[in-house]
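Structure first, then comments.
Everything numeric here is computed off the predicted structure, so don't read it as measured data. Sequential numbering from 1 along the given sequence is applied to the chain's residues.
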Amino acid sequence: MSRPQPRCHSPGWMDRFGGPARGRAPRTGEATERVTLGLLIAGLAAVPYWYGSNDLVAWGVNAVVFPGLMVSYEVSLVVRGKGHPTPLGDRLLVPAGLFLAVLLWIWFQAVAWRHMPLASPIWGMAGRTLARPVAQSITVNRDLTNLALVRLVTAASVLWLAAQLCREARRALTLLRAIVVIVCAYAAYGLVAISLSSVRLPGLAIPFDGGLVSSTFVNRNTFATYAGLGLIAASGLILRIYRRAAGGEGDGWRLRLSSLVDVTGSRAAAPLAGAFVILVALLLTGSRGGVIATGVGLLALALQTRREAERSRWRRFAVVVPVVLLPAACLVAFGGSFVDSLEQRGIADPNRLAVYLLTIRSILDAPLTGHGYGTFADVFPLYRDRTLSVQGTWAEAHNTYLEMFQGLGLVFGAMLVAAVVLLVLRCLIRGSRQREHVTVPRVAVAAAVLVGVHALVDFSLQIQAVTLTFMALLGAGMAQSRDRNHPSDQQNGAAAG
């Protein structure tokens, strides 16, 4: 009687899991990844509901949901004996180290000391006023700094989750499509809400803003940035479809044109319709900064496809049609609110320029230590002068960079910016060198350009719905920008583009 032969396992399976398959571990691991990704998408869908999560309760809920989901996923990796799909590695160690240093600095800013040489002078004033010693700290408001730290950790957890869950191309594209659907749904609600004032989602009381779209967000400018992210994601998917349909130069022009027309009515129909709804809602916000920043982001997306377009006239045509003609047509048809806003208010805002100058003055008073992360609302009144009207309050600087430097100081503020820039550069470099798996990294770069430009004139990045959606896109772009020498990547090569 012959002895039974041992069961063989493919090299890819051995390399991926570090040993022979046992039982139903692969199927269990795949189910865990899918469930976690589904929960992440569900969380991203819920975040914009409550005024874009610009609320203390929403911050608390998000701080439990997303970091909790990250911890659960990390535990599942330990239980399954599996390594991270996207490990830190050499190329991610620097941005991770910079971010960790910033987290430690924010924690140090909020630590209360009996005697603190670097403490803000405001604590000494408080002690003299109360005629008793008070605990001192670098930040002028420990509660606000701790709260801002929680929001920063929440954003980082979404970035890390997306980077791990989107290592496989099909999951990255699933996340991208889900974001388009979510943004389209909120854009559609915003369009309906301005037409029918009686239509309101439960628990929301959005004021009628002169017929301008703000959807569920606290104002129309922040919704414009959110809609811009969805439009860029939809444009990336549309470009992917048309790029594949453009075919090679060897095909006849009639065949290629027929293929493009056929794709427009079939596979590209859904993303085109979603992009149309989002774009109309974006233009009807009347947000000058949001529309212009989105245009710059779309330009960045188109420029990343320039090398491919130069190889083929038909690929160039496939890029120009969806990225240029559709927005141009919608601008002519629905851009009245945006054009009126430009005519009435121009591009520059004297009040914001005055706020920027006052904020810079506050930065120069504490250039190294900062006044405390997230404390602009408490610090700015100390510097406000007659260059601003006495009416109204300024809870934000309307420039995320200046506000960040004011809170963290120049050194650690620059480190936080650098951590994000390095991740974006990674996506940009990989997206320009790779021939496959380029859609998600390119969308991530374009999304970074959008939020980076709009952060110069507004505070959309301080709204969690915008920040968490951007972090998800950037994390997915990071995952798809890794070196593709892993056997599992070879199996998924046909799924991306």
Side-chain angles (χ1 to χ4, degrees), residues 40 84-99 155-156 158-177 179-180 225 228-237 239-240 243 293-294 296-308 319 323 416-455 461 466-486 489 492-493 495-497:
L40 175 62
H84 289 96
T86 306
L88 287 176
D90 294 335
R91 292 184 177 88
L92 296 181
L93 280 179
V94 174
L98 292 173
F99 181 74
V158 173
L159 175 71
W160 184 250
L161 267 176
Q164 304 309 318
L165 297 173
C166 295
R167 184 67 191 101
E168 294 188 5
R170 65 177 183 274
R171 291 203 197 104
L173 291 173
T174 296
L175 178 62
L176 201 61
R177 295 185 183 106
I179 289 176
V180 174
T225 309
L229 290 174
L231 181 60
I232 285 176
S235 300
L237 293 174
L239 285 175
R240 175 177 179 269
R243 188 170 62 246
T294 301
V296 176
L298 289 174
L299 178 62
L301 180 63
L303 288 176
Q304 292 179 85
T305 64
R306 180 181 177 183
R307 182 176 299 179
E308 291 183 1
V319 169
V323 175
L416 183 56
V417 173
V420 178
V421 169
L422 288 174
L423 297 179
V424 175
L425 287 177
R426 175 184 175 85
C427 295
L428 177 62
I429 294 172
R430 292 294 180 183
S432 63
R433 292 179 179 176
Q434 295 173 181
R435 301 192 62 180
E436 294 183 338
H437 310 272
V438 296
T439 298
V440 181
R442 289 175 178 176
V443 167
V445 172
V449 171
L450 161 61
V451 298
V453 170
H454 201 221
L461 267 178
V466 175
T467 303
L468 299 186
T469 302
F470 169 58
M471 288 292 104
L473 291 173
L474 182 57
M478 285 170 48
Q480 290 297 296
S481 300
R482 275 191 60 201
D483 294 330
R484 303 209 163 259
N485 298 323
H486 203 284
D489 297 322
N492 297 310

Donor-acceptor pairs are to be reported for all side-chain atoms of residues 416-424 against protein atoms at under 3.5 Å, with residues two or more places apart or in another chain.
none

Distance from Leu40 atom CG to Cys166 atom SG, nearest 0.5 Å?
-> 7.5 Å

Taking Thr467 for its side chain and Leu461 for its backbone only, find out whether a donor-acceptor pair lies under 3.5 Å.
-> yes

Could you tell me whether a side-chain N or O of Gln480 sits under 3.5 Å from a main-chain N or O of Arg167, the two making a donor and an acceptor?
-> yes

With Thr225 via side chain to side chain donor-acceptor pair (under 3.5 Å) - residues at least two apart | His454, Ser460

Rounding to 0.5 Å, atoms CG (Leu450) and CG (Leu229) come to a distance of 5.0 Å

Exam field: side chain Thr86 to backbone Ala163, donor-acceptor pair closer than 3.5 Å | yes

Val451, Leu474, Ile179 screened by side chain to side chain contact (heavy atoms under 4.5 Å, CB included) with Thr469, the one that passes | Ile179

Just how far is it from atom CZ of Arg177 to atom CZ of Arg170, taken to the nearest 0.5 Å?
-> 12.0 Å

Kindly say whether Thr439 contributes a backbone atom to a donor-acceptor pair with the side chain of Arg240 at under 3.5 angstrom?
-> no

With sequence neighbours excluded, what pairs up with Ala156 under the side-chain contact (heavy atoms from CB on, under 4.5 Å) test?
-> Phe99

To the nearest 0.5 Å, what is the distance between CG (Leu161) and CG (Leu468)?
-> 11.0 Å

